[in-house]
2 protein chains.
Amino acid sequence: MPADFAKLLREKGIQPSAQRLAVAEYVLFTKEHPSADQVWAKVRAVCPVLSRATVYNTLNLFVKKKLLRELVLSEGKVVFDPKMEAHHHFIDEHTGRIEDVPWNAISVSRVSGLKGYDVREYMVVMRGRTRRKSC
Amino acid sequence: MPADFAKLLREKGIQPSAQRLAVAEYVLFTKEHPSADQVWAKVRAVCPVLSRATVYNTLNLFVKKKLLRELVLSEGKVVFDPKMEAHHHFIDEHTGRIEDVPWNAISVSRVSGLKGYDVREYMVVMRGRTRRKSC
DNA sequence: TCGTAGTTTAGACATAGTCTAAGTTTGTCG
DNA sequence: CGACAAACTTAGACTATGTCTAAACTACGA
Ligand SMILES: [Mn+2]
Ligand SMILES: [Mn+2]
Ligand SMILES: [Zn+2]
Ligand SMILES: [Zn+2]
């Protein structure tokens with residue numbers, strides 16, 4: 001987690017305003033896969049002067065500048081994910097919780113050989129239960 | 001495509017009203033992956049006495065009775081898919097069109113060995129361009 | 001200091017989906 | 001058949017998520 005978020009934003013051509021810094025500090029390193037309104041709630045606790053419009057503007061800007069990606073894995077749930085490397089996702093059917101699954105944990109073959117399709121990216125989306133850790 | 005949709009619905013414990021039959025005839029055999037409002041538009045052309053609420057009610061009922069599945073693959077696009085067997089999906093980034101990819105066209109391994117997760121179902125979601133058919 | 005471009009804001013607007021309460025249809029049974 | 005209840009359909013109100021607008025504020029160089 002970088003000491004200097006302002007530098008990180010400037011490197012991507014984003015002017016580091018107070019609001020953008022506050023959003024960045026939370027969303028660029030979370031593992032929570034939060035929705036826009038969850039981001040708003042979390043960041044407002046730290047920086048109360050922050051409008052809903054700015055949160056949406058900032059998240060969309062970060063997506064455009066490739067600091068975040070937007071995922072839609074379940075009905076009505078758009079979430080943001082700062083992990084930009086290719087990876088897969090597991091969704092707990094019971095809680096809705098989304099977890100990252102490392103790219104190497106699963107092997108997928110014959111994607112590039114698919115006739116008729118020029119696949120640019122892909123992801124395995126899994127649903128099930130999170131197994132209780134053995135105690 | 002069965003001759004007798006009423007029978008098909010009754011077998012699933014669904015009372016075959018005129019509206020449900022009209023929705024069934026379109027949605028249970030389409031390859032279009034339509035949204036609820038696209039279903040409404042299509043079916044209203046055939047059966048003009050059909051409210052938006054009934055279309056949503058019917059689609060949700062069909063999902064509950066396992067005649068349809070609901071997919072959310074892109075932001076703000078919930079679509080319905082009558083193909084109930086396991087299969088994968090390809091999304092054309094340019095047109096948004098969703099196409100089915102047969103289960104056997106791709107091989108995925110090590111899913112069931114994933115530590116900590118009890119995977120009930122999974123799907124590969126691919127994005128890219130549909131390659132122009134060679135002429 | 002001034003001008004300008006960029007940023008933030010509240011609230012209006014759009015859209016998708018659910019809910020409600022009233023009306024209609026269907027099926028059952030005397 | 002006729003009455004009744006259950007199931008179904010409907011319009012429109014309501015909610016949630018996201019976008020847009022126009023005005024205010026800020027940063028910054030000339
Ligand atoms: Mn978005
Ligand atoms: Mn739904
Ligand atoms: Zn992720
Ligand atoms: Zn499909």
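Labels below follow one simple rule: chain letters A, B, ... track the order of the sequence lines, proteins then strands, and each chain is numbered from 1. Since the structure is predicted, the reported quantities are computational estimates derived from the model, not experimental observations.
- Between A/Asp92 and A/Arg127, no side-chain nitrogen of the basic residue sits less than 4.0 Å from a carboxylate oxygen of the acidic one, so the salt-bridge criterion is not met.
- Shown here for B/Pro82 and B/Thr30, the closest heavy-atom pair between the two residues is CG-O, 3.3 Å.
- Taking atom NZ on B/Lys64 and atom P on D/dC8, their separation rounds to 10 Å, with Å as the unit.
- Distance, A/Gln19 CD to D/dA24 C1': 13 Å, rounded to whole Å.
- Scored by the salt bridge (Lys or Arg N to Asp or Glu O under 4.0 Å) test, A/Lys66 finds no partners at all (sequence neighbours excluded).
- Between B/Ser51 and the phosphate of D/dT10, there is a side-chain N or O to OP1/OP2 separation shorter than 4.0 Å.
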Show, in sequence, the C-alpha distance, side-chain angles and deciding distance for A/Glu32 and A/Tyr26, and conclude whether the side chain to side chain donor-acceptor pair (under 3.5 Å) test is met. CA-CA 10 Å; A/Glu32 299 183 65; A/Tyr26 167 60; 3.2 Å; yes

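- Under the 3.5 Å distance criterion, with hydrogens and angles disregarded, no donor-acceptor pair is assigned to the side chains of B/Asp100 and B/His88.
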What's the verdict on salt bridge (charged side-chain N to carboxylate O under 4.0 Å, His left out) for B/Glu75 and B/Lys77, showing C-alpha distance, side-chain angles and the deciding distance? CA-CA 6 Å; B/Glu75 179 175 356; B/Lys77 300 215 48 167; over 6 Å; no

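- What separates CH2 of B/Trp40 from C1' of C/dT15 is a distance of 13 Å, to the nearest Å.
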Along nucleotides 16-22 of chain D, 5' to 3', which nucleotides get a B, which get an S, and which get a -, given that the test is a protein heavy-atom distance under 4.0 Å? -BBBB--

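- At a threshold of 4.5 Å between non-hydrogen side-chain atoms, the residues B/Thr130 and B/Phe90 count as touching.
- For C/dT8, the OP1/OP2 oxygens have a side-chain nitrogen or oxygen of A/Arg20 closer than 4.0 Å.
- In summary, the aromatic rings of B/Trp40 and B/Phe80 are positioned with their centroids too far apart to meet the 6.0 Å limit.
- Remark: C1' of C/dT9 and CG of A/Leu50 are 10 Å apart, rounded to the nearest angstrom.
- Remark: A/Ser17 is not in phosphate contact with C/dT7, judged by side-chain N or O atoms under 4.0 Å from OP1 or OP2.
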Base versus backbone protein contacts along nucleotides 25-30 of chain D [heavy-atom cut-off under 4.0 Å; B, S, -]: ------

